[in-house]
Protein chains: 2
Amino acid sequence: MTDEQRAERRTDPLTKAVIVQAAVEILDTAGEQGLTFRALSAHLSTGAGAIYHHVANKSELLTAVTDEVIAAALHGSDDSAEPEHGIRAVMLDVFDAIDAHPWVGTQLAAEPWQPAVLRIFNGVGGSLDALGVPGPSQFDAASVLVHHILGVAGQYAAGARLASPDADRSTFLGKVAARWMTAVDADEYPFLVRIAKTLSEHDDREQFRVGVDVILAGIATLR
Amino acid sequence: MTDEQRAERRTDPLTKAVIVQAAVEILDTAGEQGLTFRALSAHLSTGAGAIYHHVANKSELLTAVTDEVIAAALHGSDDSAEPEHGIRAVMLDVFDAIDAHPWVGTQLAAEPWQPAVLRIFNGVGGSLDALGVPGPSQFDAASVLVHHILGVAGQYAAGARLASPDADRSTFLGKVAARWMTAVDADEYPFLVRIAKTLSEHDDREQFRVGVDVILAGIATLR
DNA sequence: ACCTGAACACCGTTCAAGT
DNA sequence: ACCTGAACACCGTTCAAGT
């Protein structure tokens with residue numbers, strides 16, 4: 001009710017939820033390397049060791065933070081009427097979460113057995129029955145979809161790490177393509193040369209979407 | 001010609017190739033965390049700083065080491081007669097390289113713009129023309145294949161990090177499945193529960209191969 | 001020019017001491 | 001029980017001094 005609505009945090013008891021929230025803010029603001037226990041404890045106005053009363057170690061913290069973001073991203077996607085539509089919705093929800101928080105990409109790709117990945121796995125797998133994919137093939141089908149996400153995740157996160165924060169995606173990809181051309185023998189990498197010309201014009205989200213379509217078309221042959 | 005065939009390394013001049021070779025040995029023996037500049041310089045009987053005369057930093061070293069392994073793995077695969085066969089050969093060669101050196105998986109998934117990934121990209125893309133995929137779709141098609149590799153790469157590397165070195169893959173996957181079941185609400189993750197039962201019986205390489213088939217079937221619809 | 005290895009800056013994590 | 005913050009072990013990297 002006072003003028004300063006929330007500066008009382010240092011008197012609040014520390015909780016895992018508060019720590020996770022602070023970690024998200026630091027990761028979004030300062031990037032992956034910005035998240036240290038020193039930065040985190042400073043942000044929370046506490047000692048570095050205090051965090052260990054609520055989180056076992058940094059790995060568990062990153063796992064919790066990633067699950068938080070993915071759980072929120074998947075909350076909207078009801079597996080409603082059309083099963084293909086449900087799968088596309090889950091895939092694009094995850095893509096958009098990675099787009100908004102590139103550090104999530106690093107974490108998903110690096111630790112593929114963590115809760116967040118299981119969430120995604122279950123999300124895309126749940127519609128396969130309705131799609132007519134036989135039981136024994138459902139694991140294979142879901143894996144391809146999840147690998148597509150993990151692959152894109154790594155690519156996106158790497159882009160965020162390399163690109164200057166203000167540069168847009170297109171100019172970044174232009175630089176990547178230019179680097180390809182200098183680093184590589186054109187005769188030995190003919191396909192790469194062809195691709196490089198179109199790289200800066202391409203739309204990541206659209207390519208991801210097309211990839212999902214390709215995979216779904218392939219999954220249809222499993223019926 | 002003497003009894004001790006090669007202990008003269010400390011008198012050899014240090015080269016990037018020698019450093020990369022030593023790094024591979026350490027990574028294969030001691031794993032990802034085992035590769036430090038201190039361990040590396042000890043292995044090479046030199047000072048820690050000497051390495052920086054031949055390699056800019058650790059990131060460049062890892063990039064070079066990964067490219068070394070992938071280049072060797074791809075050396076056998078001629079893009080010969082049948083284009084689908086060529087793609088499958090490249091995909092499986094990379095899979096086997098990751099299987100033999102799980103740390104390659106971490107590196108591929110973490111830095112998807114590095115030379116080794118470009119090599120793979122070019123390898124799978126080169127056969128798409130012969131497959132009848134139209135030019136504008138070739139980038140999309142190759143991306144799906146590369147993402148499949150990167151996704152599997154991360155998964156494999158994570159497994160190697162978690163599993164005890166002597167345990168086989170099947171018992172490791174059994175533990176993963178068991179952890180799923182305790183960490184997760186069975187009602188909320190019905191697909192995961194179904195999968196967990198079959199996880200320990202499954203063959204990674206076979207699943208990877210089936211995934212490639214699914215993607216190739218999907219790519220066929222692009223013609 | 002290349003190598004040496006101590007020193008620097010900076011991590012994650014621990015733990016005795018406080019409240 | 002929870003928090004504090006100095007201390008510890010260990011990184012990647014630098015650099016003055018050697019050869």
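Within every chain, numbering begins at 1; the chains are lettered A, B, ... in the order of the sequence lines, protein sequences first and strands thereafter. Worth saying up front: this structure is predicted, and the values here are computed from it rather than measured.
Looking at residues two or more places apart in sequence or on another chain, you find no side-chain hydrogen bond (donor to acceptor under 3.5 Å, both in side chains) involving B/His54. In this structure, B/Gln107 has no side-chain hydrogen bond (donor to acceptor under 3.5 Å, both in side chains) partners at least two apart in sequence or on a different chain. Legend: residues meeting side-chain contact (heavy atoms from CB on, under 4.5 Å) with B/Ala160, ordered by chain and number and at least two apart, are B/Pro102. Residues forming a side-chain hydrogen bond (donor to acceptor under 3.5 Å, both in side chains) with A/Thr36 (at least two apart in sequence, or on another chain): none.
At whole-Å resolution of the value, CG in A/Asp12 and C1' in D/dC3 are 14 Å apart.
The side chain of A/His54 contributes no N or O atom lying less than 4.0 Å from OP1 or OP2 of D/dC2.
Under the 3.5 Å distance criterion, the side-chain polar atoms of A/Ser127 are left unmatched by any main-chain donor or acceptor of A/Val124.
For DNA chain D, no neighbouring residue in residues 62-69 of chain A is found when judged by any heavy atom under 4.0 Å.
Within the structure, salt bridge (charged side-chain N to carboxylate O under 4.0 Å, His left out) pairs that include any residue of residues 112-125 of chain B comprise B/Asp67-B/Arg119 (at least two apart or interchain). Evaluation of the salt bridge (charged side-chain N to carboxylate O under 4.0 Å, His left out) test over residues 138-153 of chain B, restricted to residues two or more places apart or in two chains, returns none. Within the structure, side-chain hydrogen bond (donor to acceptor under 3.5 Å, both in side chains) contacts touching residues 177-187 of chain A (residues at least two apart or in different chains) do not occur. Annotation: salt bridge (charged side-chain N to carboxylate O under 4.0 Å, His left out) contacts involving residues 95-116 of chain A, sequence neighbours excluded, comprise A/Asp96-A/Arg205, A/Glu111-B/Arg161.
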Under a cut-off of 3.5 Å for both distances of each Watson-Crick or G-U pair, what dot-bracket string does DNA chain D give, using [ ] for crossing pairs and | for inter-strand pairs? ||.|||||...|||||.||

In 5'-to-3' order, the base (B), backbone-only (S) or no-contact (-) status of each nucleotide in nucleotides 6-19 of chain C, using a 4.0 angstrom heavy-atom cut-off, is -B---BBBBB----

Only distances under 3.5 Å count here; give the side-chain donor-acceptor pairs of residues 55-64 of chain B to other protein atoms, sequence neighbours excluded, each with its distance to 0.1 Å.
{"residue": "B/Asn57", "atom": "OD1", "partner": "B/Ser59", "partner atom": "N", "Å": "3.3"}
{"residue": "B/Asn57", "atom": "OD1", "partner": "B/Glu60", "partner atom": "N", "Å": "2.9"}
{"residue": "B/Lys58", "atom": "NZ", "partner": "B/Leu35", "partner atom": "O", "Å": "2.8"}
{"residue": "B/Glu60", "atom": "OE1", "partner": "B/Ala56", "partner atom": "N", "Å": "3.4"}
{"residue": "B/Glu60", "atom": "OE2", "partner": "B/Lys16", "partner atom": "NZ", "Å": "3.1"}
{"residue": "B/Thr63", "atom": "OG1", "partner": "B/Ser59", "partner atom": "O", "Å": "3.1"}

